[in-house]
Amino acid sequence: MALLLGVDTGGTYTDAVLIRGEDEVIASAKSLTTRHDLSEGVGKAVQAVLDAASVAPSEIALASLSTTLATNALVEGQGARVALVFIGFDEKDVARQGLDEALRGDPVIRISGGHNHSGSEAAPFDFGALEQALEGLDGTVTGFAIASQFATRNPAHEIAARELIRARTGLPATCSHELSAKLGGPKRAMTAVLNARLIGMIDHLIGATQDYLKGIGVSAPMMVVRGDGALISAEMARERPIETILSGPAASIVGARWLTGESDALVSDIGGTTTDVAVLRDGRPMIDPHGARVGGLRTMVEAVAMRTTGLGGDSEVHLQREGLAGGLQLGPRRVLPLSLAAIQYPDVVPAALERQCIKDRVGEHDGRFVVPVGLSGQTAAGLDPREARLLEKIGDRAWEIGSLLANRLDGSALDRLVARGMVMVAAVTPSDAAHVTGVLDSWDATAARQGMELFSRQRNGAGQRIAPDGAELARRIIDQLTQQTCDTLLETAFAEEETDFGLPPEQLARHVLTRRGTQAHRGLVALKVGLNLPVIGLGASAHSYYGAVGDRLSTPVILPEHAGVANAIGAVVGQVSMRSSGLITSIGENRYRVHFTDGPQDFNDLPRALSALETRLGDTAMDAARKAGAEGIRLHHEQEVRNAVIDGRDVFVEAELTAIASGRPRIAA
């Protein structure tokens with residue numbers, strides 16, 4: 001029977017699993033994700049499962065990869081510096097749909113051009129303005145995103161801009177019409193910006209994995225999980241990395257179904273950086289019709305309906321200083337746990353923590369370090385002089401933040417380097433708290449206890465210590481993790497409820513009545529709030545934390561045997577599925593415009609227009625499925641025709657057609 005290799009690269013761990021014949025896990029393994037060289041972590045995990053199963057690399061018939069790196073980067077606001085070429089839009093359009101937030105100060109090139117809703121040219125494309133702007137960006141960006149007005153109706157100006165950029169700069173350029181066929185220029189532009197920002201990171205991961213597998217003798221094809229849970233070829237994923245956002249979470253849902261056989265449940269996957277929650281209905285994940293939402297940004301990428309929150313075992317612990325009592329908050333940024341930092345940097349972290357603990361007063365930066373573990377594939381393009389000097393000073397060693405920073409301006413520069421993924425902060429996390437409480441015993445528990453002690457000495461608004469000692473602080477951090485996990489699960493449940501409760505899901509989940517209801521309040525009023533579906537807990541730490549979550553939400557928690565490698569399992573048991581969508585609009589009585597990707601074409605007969613578009617979309621989807629590595633492909637068409645009643649008769653408005661080609665990934669003989 002065929003041997004299938006699944007690999008998942010997360011923020012903290014890289015998982016590998018071997019499956020025989022799609023129904024038997026014969027080996028699984030974990031290795032720390034090595035951000036400085038991703039192939040190192042992948043190699044250790046893969047070699048461990050091969051050794052455990054006594055399998056030769058040449059016996060593997062299919063390899064597949066899922067990853068949370070793209071999701072984590074968007075949640076943490078990381079990514080390379082890119083430029084947006086904005087064609088035919090006004091300045092105010094930059095502020096719409098979260099585009100300005102996604103850009104984070106990256107340059108915008110606004111030039112004339114674009115089309116109207118019918119696909120006709122609204123203004124000529126200004127080649128000269130783009131050429132001049134490119135000269136001023138030399139060496140300051142790593143790629144380009146291109147968005148033109150009504151490009152989904154006619155992409156000619158986006159294509160022209162892409163060809164010019166590639167000829168002049170040699171850098172990758174992402175066109176918005178290639179990522180979505182829907183209207184909404186600013187949101188398409190934001191999706192293109194995020195895609196361009198992720199290209200280096202995902203390209204490096206896929207390339208490193210392919211090179212490693214080839215080097216050890218794996219000749220089987222390699223697939224990558226898309227955000228909707230389907231598989232695509234590695235080559236396709238390298239061109240469109242934005243489609244891998246929610247790749248890891250989507251794989252975890254496929255894995256949850258495969259592991260448990262449950263058809264209706266809430267699936268909650270806790271990793272080092274994020275907690276991802278989705279609803280499983282009738283054995284299938286629900287697809288978000290509005291596009292993937294990650295880190296507060298709504299993209300146009302078709303993906304599972306998933307709530308992704310910056311909450312994980314390695315989430316940064318913050319002291320909330322509002323009010324006299326204050327409180328704790330976890331995330332959204334991932335930091336390196338002190339217990340792990342002490343092992344990775346033994347010449348700096350243990351001695352520094354010991355020295356800081358014996359001081360009479362805790363310093364502003366005590367218990368916090370900077371480590372050089374930037375994301376592979378990133379470049380230093382666009383760094384200002386202060387950032388470049390600080391990065392050079394950090395070099396390849398760990399630093400106490402207090403001894404690294406000379407002034408507040410250095411602190412701001414460090415924040416920007418962290419946001420770019422060039423360096424990482426090491427600080428107190430829930431993983432450290434778990435080492436103090438005895439739940440975990442993987443890394444340096446002494447460093448965890450010292451970090452907890454330092455953090456517990458911080459003062460609240462009343463001037464009192466936030467906790468009497470490190471042990472009590474650790475218990476409070478674990479309790480806060482439980483509370484925020486419950487909030488995320490309830491938010492997802494309220495969002496998918498058919499009943500409208502009159503408030504947004506995020507407010508309902510954190511409402512005082514909801515909170516008291518999960519505590520089974522009994523006074524003159526009796527309150528009880530819980531979930532009416534079981535929770536499938538996934539992730540390496542799910543067994544440690546999710547028992548308390550189930551108790552608080554009064555629901556069963558299912559923790560499958562291989563919960564820690566569910567992503568890697570889902571990566572290799574999925575299907576290839578490619579979609580191609582197109583639109584027909586009315587440009588007059590008995591005149592129909594088909595918006596093909598190479599430009600619009602007019603017809604005088606609706607059935608002929610529908611047939612022409614259906615044929616083109618079917619060919620496109622089938623070709624994409626073949627390129628994605630599918631075999632035994634099945635083609636399915638969906639059609640939605642919208643009419644309006646005018647003067648008592650139906651009048652055609654538009655029609656949207658979709659072709660879906662699905663099949664199993666091609667397995668080596």
Side-chain angles (χ1 to χ4, degrees), residues 70-71 73-74 77-91 93-111 113-115 125 130 133-134 137 141-166 168-169 171-203 226-227 232 236-247 290-303 382 579 581 597:
T71 307
L74 298 188
Q78 294 180 347
R81 180 178 168 85
V82 300
L84 169 64
V85 179
F86 217 25
I87 306 170
F89 291 97
D90 296 327
E91 180 66 34
D93 290 319
V94 177
R96 294 171 55 199
Q97 302 291 337
L99 179 55
D100 54 347
E101 181 184 352
L103 282 164
R104 299 199 320 268
D106 286 0
V108 179
I109 303 171
R110 286 182 50 247
I111 58 176
H115 295 77
F125 177 64
L130 180 55
L134 292 177
L137 289 176
V141 299
T142 62
F144 291 84
I146 307 167
S148 178
Q149 196 169 40
F150 284 105
T152 55
R153 301 291 171 87
N154 191 333
H157 289 180
E158 286 194 356
I159 294 171
R162 179 183 63 193
E163 298 309 309
L164 177 59
I165 288 169
R166 287 178 175 174
R168 292 289 188 273
T169 71
L171 293 173
T174 298
C175 291
S176 75
H177 77 273
E178 295 176 320
L179 302 176
S180 175
K182 296 180 180 179
L183 295 177
K187 189 186 290 187
R188 269 201 337 276
M190 181 184 70
T191 306
V193 165
L194 298 178
N195 187 78
R197 188 167 283 152
L198 295 170
I199 283 176
M201 178 196 314
I202 300 302
D203 184 75
R226 206 169 55 191
I232 56 176
M236 190 172 291
R238 294 174 89 158
E239 293 177 3
R240 298 164 71 162
I242 189 67
E243 293 192 355
T244 70
I245 63 170
L246 300 183
S247 163
H290 303 295
R293 185 183 183 97
V294 182
L297 300 176
R298 174 73 74 178
T299 72
M300 280 188 162
V301 177
E302 186 171 88
R579 301 168 66 92
S581 299
T597 55

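Note: hydrogens, waters and symmetry copies are ignored here, and every other heavy atom, side chains too, is used.
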Side-chain contact, heavy-atom cut-off 4.5 Å: I111 with V85?
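They are in side-chain contact.
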What verdict does the side chain to side chain contact (heavy atoms under 4.5 Å, CB included) test give for R110 and D93, after you've listed the backbone C-alpha separation in whole Å, the side-chain angles of each residue and the deciding distance to 0.1 Å?
CA-CA 11 Å; R110 286 182 50 247; D93 290 319; over 6 Å; no
Considering all heavy atoms, the nearest [X]-[Y] contact:
X: S148; Y: S176; answer: N-OG, 4.5 Å
X: A161; Y: I87; answer: CB-CD1, 4.0 Å
X: L171; Y: I165; answer: O-CG2, 4.4 Å
X: G105; Y: R81; answer: O-NH1, 4.2 Å
X: F89; Y: A147; answer: CE1-O, 3.7 Å
X: T142; Y: V82; answer: OG1-CG1, 4.1 Å

Mind checking the [atom1]-[atom2] spacing from [X] to [Y]? Nearest 0.5 Å is all I need.
X: R188; Y: E158; atom1: CZ; atom2: CD; result: 6.0 Å
X: L84; Y: I109; atom1: CG; atom2: CD1; result: 8.0 Å
X: H177; Y: T152; atom1: NE2; atom2: OG1; result: 10.0 Å

Between T169 and V141, does a side chain to side chain contact (heavy atoms under 4.5 Å, CB included) hold up when you go through it step by step?
CA-CA 10 Å; T169 71; V141 299; over 6 Å; no
If only atom types and distance count, is the side chain of R162 paired as donor or acceptor with the main-chain N or O of F144 below 3.5 Å?
no
Using atom types as modelled and distance alone, determine if a side-chain donor or acceptor of H157 lies under 3.5 Å from a backbone N or O of G114.
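Yes, the answer is positive, given that a donor and an acceptor are paired below the 3.5 Å cut-off.
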Show your reasoning for whether side chain to side chain contact (heavy atoms under 4.5 Å, CB included) applies to R153 and H115.
CA-CA 8 Å; R153 301 291 171 87; H115 295 77; 5.8 Å; no
